Amino acid sequence: MTLFTRIARLFGRRRFEDELDEEMRFHLEQSIERNLERGMSPIEARRQAMKEFGGIDQAKEESRDAWGVRLITDFIRDLRYAAKSLARVPGFTLIAVFTLSLGIGVNAIMYSFVRDAVLKPLARDKQLNLVEIYNSRADTDRDYRRWSYREYENLLAHEGLFQNVAAQSFSEQAVGQGEDLQGRFICMVSANYFDVVGVKPIQGRFFTDEEAAPDAMQPVAVANHTFWQRTGGGSDFVGSTIRVNKTEYTVIGITPEGFVGLNTSIGPDVWLPLGMNEAVFGRSIKDAVLYPLNLVGSLPRGMPLEAAKARLASVNQHLNDQALPEDNGPRQLIIAPPSRNNLGNNQPRDESYLELFAILSMCLAATVLIVACLNLTNMILARGTNRRKEIAIRLSLGASRGRIVRQLATEGMLLSLLGGAVGLYLSYWAGEAMLAFALEFFAASKFVLSVQPYFDVSIIGVTLAFCALATLAASLGPALRITRPDLVEDIKRQGSGGGAGSNWRRFFSLGNSLVMLQIALSLAMLFAAALFVRSANSIAYMDQGYETEGQVVAHLDYGLTDLDETGLETRQNELLRHMAGVSGEDNVALSSSVPYNFELNWRPIYRADGRQNATETDPYGPKFWAGHTAVSETYFDTLNIPVLRGRTFTYAESTQADGPKVAIIDTQLAELLFDDVDPLGQYIYLGEDAAASGDPTHAMEVVGIVRSPREEIFRRNAPERIYRPFGQARPRNLYLHVASRDEIQEIATLRRELRQFDDATPVLFIRPLASFIELNINTLLIKMAGITFGVFGGVALVLAIVGVYGVKSHAVSSRTREIGIRMALGARSVDVMGLILRQGTLQAAVGIGIGVTLAVGTSRILSAMLYESSGSNTPTLIGSAVILLAAVLTACWVPARRATRVDPAITLREE
Amino acid sequence: MSKKKNSLLQGTVDLLILSTLRAEDRHGWGIQQRIEQIGSEALSLKQGSLYPALIRLGNAGLIESEWRTTENGRRAKYYSLTAAGRKRLEIEVGQWREFSTSLNLLIESA
């Protein structure tokens with residue numbers, strides 16, 4: 001009880017204390033006076049009075065307790081009264097709770113993003129004082145590279161600055177086997193890694209020093225929580241084995257839910273000890289000129305980043321003293337706050353925008369809540385006008401104004417808490433939906449998505465804070481206004497406004513202006529949402545420069561097999577022949593990369609005769625960059641990429657390692673390289689080494705020119721490309737393309753045929769080619785933006801309608817007398833309805849006018865982000881405006897109809 | 001102090017306070033004076049515990065309070081019985097009479 005008492009005492013405590021004080025003082029003074037009359041000395045009289053009274057402090061304390069209980073019983077009575085009076089107006093309650101739940105829900109979900117993306121990592125980095133350690137060429141900020149194990153050991157040995165340093169190395173490897181084989185991100189770490197980043201296993205243990213020591217070759221693994229869940233979440237997971245490439249690893253531990261390393265979003269499936277480097281990469285981690293490591297260090301507790309930077313020089317000196325010539329030195333140590341999106345970056349990136357983004361999005365969400373509250377204020381005021389009689393009766397029965405304000409605020413609080421509960425649930429539901437969407441994407445990608453538990457103490461606390469804010473914003477103002485003593489004046493003033501000037505002012509009153517602004521904003525947001533959705537849809541139909549329908553791709557990694565070069569050549573040629581037998585010669589091809597898969601291999605290209613134009617910076621002549629792909633001879637037919645001039649590769653070129661050196665380039669590269677001659681039959685060098693040799697036998701003849709397929713959404717142009725015969729590159733990691741009519745059926749067929757061809761075919765995945773575009777992160781961004789704007793626009797629309805409804809209801813109830821008089825003077829229902837609707841329509845028109853301007857501006861800004869959708873946006877805009885206008889008029893119509901039901905006799909008698 | 005003893009004492013004090021207010025409104029000191037006048041030493045208690053009791057009675061809606069000026073011009077909080085308070089007093093007094101009558105009978109016939 002004491003806790004409640006304490007809370008209860010917060011209200012009106014001062015006044016209570018003062019009164020109690022005065023009362024007791026009066027008592028004591030009377031007592032002393034009597035004692036004096038009885039002939040005691042002043043000191044004696046006082047002593048006696050005090051004695052009879054007993055402990056003053058104790059009496060006060062007991063009084064306070066008794067008083068606190070009173071507040072609580074009052075509060076419970078208010079709550080019951082509020083519940084009853086809200087239940088009497090279910091429509092109002094429903095709209096109010098819904099409005100608040102939108103406002104609070106949007107804030108809760110935004111907070112959960114900010115919490116997971118910014119607050120939690122910041123708190124962790126601050127607590128552990130973590131930095132990422134990069135290195136660049138001395139005195140510049142370029143030529144970054146990662147670290148060798150040798151350098152890492154040197155850094156650990158230097159006890160100048162870092163408390164501890166952990167090493168990690170990210171890579172994509174083949175995880176699983178058979179049907180479950182997938183290319184996924186893994187991370188190899190030093191033994192102290194988990195200590196440094198401050199996590200404890202939820203099951204099992206992490207690596208020991210022995211397991212992570214160089215060349216320890218202990219096949220153990222730590223699994224990500226999400227990975228564990230994806231494999232079924234069995235209780236016997238620790239102790240089971242995971243296959244990575246060709247090695248079976250025993251799972252020794254599981255990381256906590258939501259941990260993906262220092263990142264906030266994506267991370268590896270499993271962590272392996274650095275001691276297994278040779279099994280994964282074929283080279284010992286002790287190899288002095290192997291630089292695979294990213295380093296993360298912890299600074300002494302409380303040391304600011306700037307102070308640490310000032311002490312880097314000595315550490316730097318220590319490292320350079322022990323450098324090898326191969327280290328490309330002298331080097332320079334750079335420390336930076338940990339990145340939130342690092343999968344092996346070798347240089348620091350400025351991520352301060354994340355905090356700014358967090359603040360901005362919270363502000364946006366808070367605006368939604370404030371607008372929701374202001375709309376609610378209008379509704380409560382409208383209702384308050386109707387409740388004035390009830391309130392007046394209570395006031396006349398002797399209730400104090402404070403008591404009634406408290407009671408109205410309790411009603412507001414009940415609404416806010418209901419809204420908060422519904423909002424929290426809505427946000428949770430929306431979060432889950434988005435997560436499901438994201439998980440679907442990440443199941444097909446190479447990373448694990450960090451899934452944080454949604455509910456925690458902080459989100460409950462934040463929601464309660466929003467509820468408190470909503471209570472204050474939405475109910476205290478109206479409560480004070482409704483109970484204002486000069487109520488009659490208020491009614492008179494509102495009822496008698498008739499002049500043109502006051503009409504004008506009424507049109508642009510705070511409530512009306514707010515509503516117009518809301519109409520404008522919701523139109524702009526809905527329009528933006530429509531643009532994003534249209535853009536996302538049009539991506540599916542845009543001309544990619546290759547056939548996307550009916551195309552299926554299998555990713556094969558022969559690096560997982562023990563085949564030697566000759567075996568590989570034979571096996572791949574046989575595979576192609578086998579599949580050609582099943583699906584038809586022109587429908588099967590091999591390639592080294594897939595468009596939209598972020599793996600285009602950019603290589604420098606030179607003209608074989610380029611040396612005539614050599615300069616100091618380009619000693620082999622002008623250099624051009626092009627994306628390089630090795631393809632089999634049927635590739636262009638299979639993907640339906642038009643060969644504009646010349647020819648495709650021959651079977652011999654495509655299958656033999658030592659065939660004639662030929663290349664196919666795209667029109668853009670052709671123009672760049674050969675603006676003066678016909679490109680066909682010209683010779684080029686691929687790569688700096690070939691150009692440096694100047695050996696004509698290394699040059700490639702251009703035999704064909706194609707139109708380049710697109711590689712990403714945001715770039716307007718496809719990249720410059722060069723294609724080489726597959727057999728001359730012979731990548732172990734390759735894609736098998738099959739063109740068919742039915743993608744879904746083809747996936748099953750392909751899987752069966754690959755097994756039949758060779759049970760040991762290392763299939764990482766089989767997917768429709770179109771899925772690379774659909775699940776491309778940029779496509780998803782556009783879709784996400786469409787959903788986000790759609791949700792916000794929808795919320796804004798609902799709020800705008802509630803706002804219009806609230807304002808109009810309020811206007812109608814406060815103009816009841818005027819309407820009554822008008823009707824008594826002969827105005828018909830139609831006239832009254834017109835009166836209300838006319839103003840509503842005008843306001844909607846003003847709002848929509850501003851909204852259209854905003855929308856046009858928005859689309860200008862967004863056009864850089866959006867794939868230019870075909871056709872004009874005007875129909876979309878007009879469509880949105882019409883829907884909005886209809887909604888606004890409906891919201892006006894309900895109170896307008898109420899106005900027509902005003903009975904002049906009753907209204908005028910009431911006054 | 002045990003809870004039982006407390007509540008018994010509280011009940012008695014409450015009854016005393018209510019009965020002092022039957023005839024006229026009084027301030028805290030006045031209530032105290034009245035109890036002293038009519039009561040014996042056995043009923044005397046620490047004067048300070050009067051105030052929590054007054055607040056409790058107010059919470060229960062049995063008495064109300066108002067700031068007034070005393071005959072010699074001082075400001076004081078006056079307490080008066082509400083309708084509910086008056087009713088409660090009647091019931092309590094009735095119960096008390098019944099109880100004491102039976103107790104008397106019991107003692108004298110023993």
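What you see is a predicted model, and the numbers here were worked out from it, not measured in a lab.
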Got a sec: does the [atom1] of [X] have more than 12 other heavy atoms crowding it under 6.0 Å?
X	atom1	value
R46(A)	CZ	no
R47(A)	CZ	no
I43(A)	CD1	no

**Q.** Full working for side-chain contact (heavy atoms from CB on, under 4.5 Å) between W67(B) and E22(A)
**A.** CA-CA 11 Å; W67(B) 287 92; E22(A) 187 176 348; 3.7 Å; yes
**Q.** Distance-only donor-acceptor check, side chains Q30(A) and R74(B), under 3.5 Å
**A.** no
Q | Side chains of Q32(B) and H27(A), donor plus acceptor under 3.5 Å | A | no
To the nearest 0.5 Å, what is the distance between [atom1] on [X] and [atom2] on [Y]?
X	Y	atom1	atom2	answer
S49(B)	Q58(A)	OG	CD	8.5 Å
M24(A)	L50(B)	CE	CG	9.0 Å
W29(B)	F53(A)	CH2	CZ	10.5 Å
Y79(B)	E23(A)	OH	CD	3.0 Å
S31(A)	Q33(B)	OG	CD	7.5 Å

(Q) According to side chain to side chain contact (heavy atoms under 4.5 Å, CB included), who are the partners of V462(A), at least two apart in sequence or on a separate chain? (A) Y111(A), F466(A)
Q) Which atom pair, heavy atoms only, marks the closest approach of A66(A) to I55(B)? A) CB-CG2, 3.7 Å
Q | Close side-chain approach of F26(A) to K77(B), heavy-atom, < 4.5 Å | A | no
**Q.** chain A interface, residue from A76(B), G30(B), A60(B) that has the most non-hydrogen pairs under 4.5 Å
**A.** A76(B)
Q. By a 4.5 Å heavy-atom criterion (distance strictly below it), what part of E29(A) contacts chain B: side chain, backbone, both, or neither?
A. side chain
